[in-house]
Amino acid sequence: MLRRQYGEHLMAEVYHLVRQVPTGKVVSYGQVGEWMVPPLPALLVGKIMYHAPEEVPWWRVVGKAGDLLIAKRDPRLAALQRQLLQQEGVRFREDGRVDMASCRWQPFEEER
DNA sequence: AACTTGACGTGAC
DNA sequence: AGTCACGCCAAGT
């Protein structure tokens, strides 16, 4: 785990974590925040993701329930996100949400 | 320096 | 399943 830092470093840390997410997997904003010490509120993770650089796989970060939360602010971006995820093999459910049960990435804990 | 605003999450209806 | 209130706290105004 990494130590909490502020400003550019805080953002850089979030981006660093998001880059660890493997192709075909997704994580929630809250998860990313929990990996930091001390934890960073999910809301801030989202805020930081808005400014994500090119090399950061921002599309692999979704709401905990599998929602593409960018949709309400930028529907076009949400469409792109869905396209990118599907290209990676991420499955979507009937209700349009990501199938978290099979695609959620859990690096630091085992399923029970 | 006070106030508002989020690519969120949870619990209560 | 869909609101709604509220907590979170860094940043912007």
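Reckoned from all heavy atoms, side chains included, excluding hydrogens, waters and symmetry mates. In the text below, chain A, chain B and the rest are named by the order of the sequence lines, each starting its count at 1.
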Determine, step by step, whether A/Ser28 and A/Arg104 satisfy the side chain to side chain donor-acceptor pair (under 3.5 Å) criterion, reporting the C-alpha distance in whole Å, the side-chain angles of both residues, the deciding distance to 0.1 Å, and the verdict.
-> CA-CA 8 Å; A/Ser28 72; A/Arg104 190 171 103 111; 5.0 Å; no

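- Within 6.0 Å of CZ in A/Arg91 there are 12 or fewer heavy atoms belonging to other residues, nucleotides or ligands.
- Contact annotation: the side chain of A/Leu17 never approaches that of A/Tyr15 to less than 4.5 Å [non-hydrogen atoms, C-beta and beyond].
- With a 4.5 Å cut-off on side-chain heavy atoms, A/Val26 and A/Val21 do not count as touching.
- Looking at A/Glu88 and A/Lys25, no side-chain N of the basic residue comes within less than 4.0 Å of a carboxylate O on the acidic one, giving no salt bridge.
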Contact list (N/O, under 3.5 angstrom) for nucleotides 10-13 of chain B vs protein:
from	atom 1	to	atom 2	distance (Å)
B/dT10	OP1	A/Lys64	NZ	2.6

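- Cluster membership check: A/Leu43 does not share its hydrophobic cluster with A/Trp58, using side-chain heavy-atom separations under 4.5 Å among Ile, Leu, Val, Met, Phe, Trp and Tyr.
- Atom-to-atom distance recorded for A/Met11:CE and A/Met49:CE is 10.0 Å, nearest 0.5 angstrom.
- One finds no side-chain N or O of A/Ser28 lying less than 4.0 angstrom from the OP1 or OP2 phosphate oxygen of B/dC8.
- The interatomic distance linking A/Ile48 (CD1) with C/dG12 (C1') rounds to 14 Å, in whole Å.
- With contacts defined as side-chain heavy-atom distances shorter than 4.5 Å, the pair A/Asp67/A/Val62 does not qualify.
- If you take CH2 on A/Trp105 and CD on A/Gln20, they are separated by 6.0 Å, rounding to the nearest 0.5 Å.
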What pairs of nitrogen or oxygen atoms, one from the protein and one from nucleotides 5-7 of chain B, lie under 3.5 Å apart?
from	atom 1	to	atom 2	distance (Å)
B/dT5	O2	A/Lys47	NZ	3.4
B/dA7	OP2	A/Arg73	NE	2.2
B/dA7	OP2	A/Arg73	NH1	3.0
B/dA7	OP2	A/Arg73	NH2	3.4
B/dA7	N3	A/Tyr29	OH	2.7

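- With hydrophobic clusters built from ILVMFWY side chains whose heavy atoms lie under 4.5 angstrom apart, A/Val45 does not share a cluster with A/Tyr50.
- In this structure, the CD atom of A/Glu13 is 14 Å from the C1' atom of C/dA10, given to the nearest Å.
- One interatomic measurement links the two molecules: CG of A/Leu10 to C1' of C/dA11, which rounds to 11 Å at whole-angstrom precision.
- Electrostatic pairing of A/Arg93 and A/Asp99 does not count as a salt bridge here, judged by no charged N lying under 4.0 Å from a carboxylate O.
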Nucleotide N/O to protein N/O under 3.5 Å, stretch nucleotides 3-5 of chain C:
none

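- With a cut-off of 3.5 Å on both pairing distances, B/dA7 has no Watson-Crick or G-U wobble partner at all.
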